[in-house]
Amino acid sequence: MILVSSCFAGLDVRYNGTNCLNDKISKLVEENKAITICPELLGGFSTPREPAEIIGGNGEDVLDGNAKVVDKSGKDVTQLYIKGAYSTLEQAIELNATLVVLKENSPSCGGSTIYNGEFTGKKIMGMGVTSALLKRNGLKVISEEQFADTLL
């Protein structure tokens, strides 16, 4: 089974109440070949919500207690991101997920790039909290850009 970020299936779950519809991924969901998941909603967030970025590192650092996730108004939302990551991991294990496709740049889902924590739009190399946890647990996690290159 493939797990995919809910926003790719056209669900309006992003922080600003929008989606990132990806026709190829949406078709897999419609054909019951993929299941949608939103780590941020699983963590307890609602939509819309304040944008958030990782301060002081990346998702691995957050999991290790060396960085935090803060929303734009300065509120520490680290625990909600960690909760969402662990809930996503539980679902991936229950579903025997063979692949997880998550939204690049997100403080939760980013697989290779995230925003730098200054809310300026600048990106840095690094994983989001959920991607880091899933990869630590041996799951294959890719971005939508990498998915576009697969032969599914």
Side-chain angles (χ1 to χ4, degrees), residues 1-49 51-55 57-71 76-115 117 123-152:
M1 182 54 67
I2 301 171
L3 274 184
V4 298
S5 287
S6 298
C7 58
F8 295 144
L11 300 172
D12 296 329
V13 297
R14 296 185 70 224
Y15 74 94
N16 59 2
T18 64
N19 66 64
C20 299
L21 180 63
N22 178 301
D23 291 331
K24 188 176 180 183
I25 293 173
S26 183
K27 187 171 190 269
L28 288 176
V29 173
E30 289 172 20
E31 295 171 348
N32 294 316
K33 295 178 181 172
I35 294 177
T36 62
I37 195 155
C38 178
E40 293 175 8
L41 293 184
L42 288 173
F45 286 102
S46 59
T47 304
R49 58 191 167 274
E53 296 186 11
I54 297 173
I55 308 287
N58 58 40
E60 291 179 316
D61 298 314
V62 171
L63 293 171
D64 293 339
N66 299 320
K68 58 187 177 178
V69 187
V70 176
D71 71 18
D76 185 337
V77 291
T78 305
Q79 289 311 310
L80 294 175
Y81 275 84
I82 291 172
K83 178 183 175 190
Y86 277 95
S87 294
T88 301
L89 176 61
E90 286 174 26
Q91 288 200 20
I93 291 168
E94 282 176 25
L95 295 166
N96 291 318
T98 55
L99 179 65
V100 183
V101 185
L102 297 177
K103 179 73 184 107
E104 196 63 89
N105 306 319
S106 159
S108 183
C109 298
S112 61
T113 58
I114 56 174
Y115 289 98
K123 297 173 191 169
I124 58 172
M125 297 299 292
M127 288 183 280
V129 180
T130 298
S131 288
L133 183 65
L134 296 178
K135 287 180 180 182
R136 278 187 180 183
N137 283 273
L139 286 142
K140 182 175 182 180
V141 181
I142 63 172
S143 70
E144 67 275 23
E145 289 98 358
Q146 293 166 312
F147 182 78
D149 297 334
T150 65
L151 299 173
L152 292 178

Rounded to the nearest 0.5 Å, what separates atom [atom1] in [X] from atom [atom2] in [Y]?
X: Lys140; Y: Leu134; atom1: NZ; atom2: CG; value: 14.0 Å
X: Ser87; Y: Leu80; atom1: OG; atom2: CG; value: 10.5 Å
X: Ile25; Y: Cys20; atom1: CD1; atom2: SG; value: 10.0 Å
X: Ile93; Y: Leu139; atom1: CD1; atom2: CG; value: 6.5 Å
X: Asn22; Y: Phe147; atom1: CG; atom2: CZ; value: 7.0 Å
X: Leu89; Y: Ile37; atom1: CG; atom2: CD1; value: 9.5 Å

Can you name the nearest heavy-atom pair linking [X] to [Y], along with the distance?
X: Ala85; Y: Val129; value: CB-CG1, 3.9 Å
X: Thr78; Y: Lys68; value: OG1-CB, 3.1 Å
X: Gly10; Y: Leu21; value: N-CD1, 3.7 Å
X: Ile142; Y: Gln146; value: CA-OE1, 3.1 Å
X: Glu104; Y: Ser143; value: OE1-CB, 3.3 Å

Over 12 non-hydrogen atoms of neighbours within 6.0 angstrom of NZ in Lys135: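 Result for NZ/Lys135: enclosed.
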Val69 and Glu53: CA distance, side-chain angles, deciding distance, side chain to side chain contact (heavy atoms under 4.5 Å, CB included) verdict: CA-CA 6 Å; Val69 187; Glu53 296 186 11; over 6 Å; no
Counterpart residues, side chain to side chain donor-acceptor pair (under 3.5 Å), relative to Asp64 (two or more places apart):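 So Asp64 forms a side chain to side chain donor-acceptor pair (under 3.5 Å) with Arg136.
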Glu31: partners by side chain to side chain donor-acceptor pair (under 3.5 Å), with sequence neighbours left out: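 Scan of Glu31 (side chain to side chain donor-acceptor pair (under 3.5 Å), adjacent residues dropped) gives Lys27, Lys33.
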Given Leu102, Val101, Val100, Val141, the one that forms side chain to side chain contact (heavy atoms under 4.5 Å, CB included) with Cys109: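 So, applying the side chain to side chain contact (heavy atoms under 4.5 Å, CB included) to Cys109 and each of Leu102, Val101, Val100, Val141, only Leu102 qualifies.
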Side chain to side chain contact (heavy atoms under 4.5 Å, CB included) partner of Leu11, the single match among Asn19, Thr18, Thr36: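 One option only clears the test, and that one is Thr36.
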How about [X] and [Y]: do any of their side-chain heavy atoms sit closer than 4.5 Å?
X: Leu95; Y: Ile35; answer: yes
X: Thr130; Y: Leu133; answer: no
X: Pro107; Y: Ile114; answer: no

Side chain to side chain contact (heavy atoms under 4.5 Å, CB included) evaluation trace for Ile54 with Met127: CA-CA 10 Å; Ile54 297 173; Met127 288 183 280; over 6 Å; no
Side chain to side chain contact (heavy atoms under 4.5 Å, CB included) between Lys123 and Asn105, worked out: CA-CA 7 Å; Lys123 297 173 191 169; Asn105 306 319; 3.4 Å; yes
Donor-acceptor under 3.5 Å (Glu40 side chain, Arg14 main chain):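 Not at all, since once roles are kept as given, no pair shorter than 3.5 Å links the two residues.
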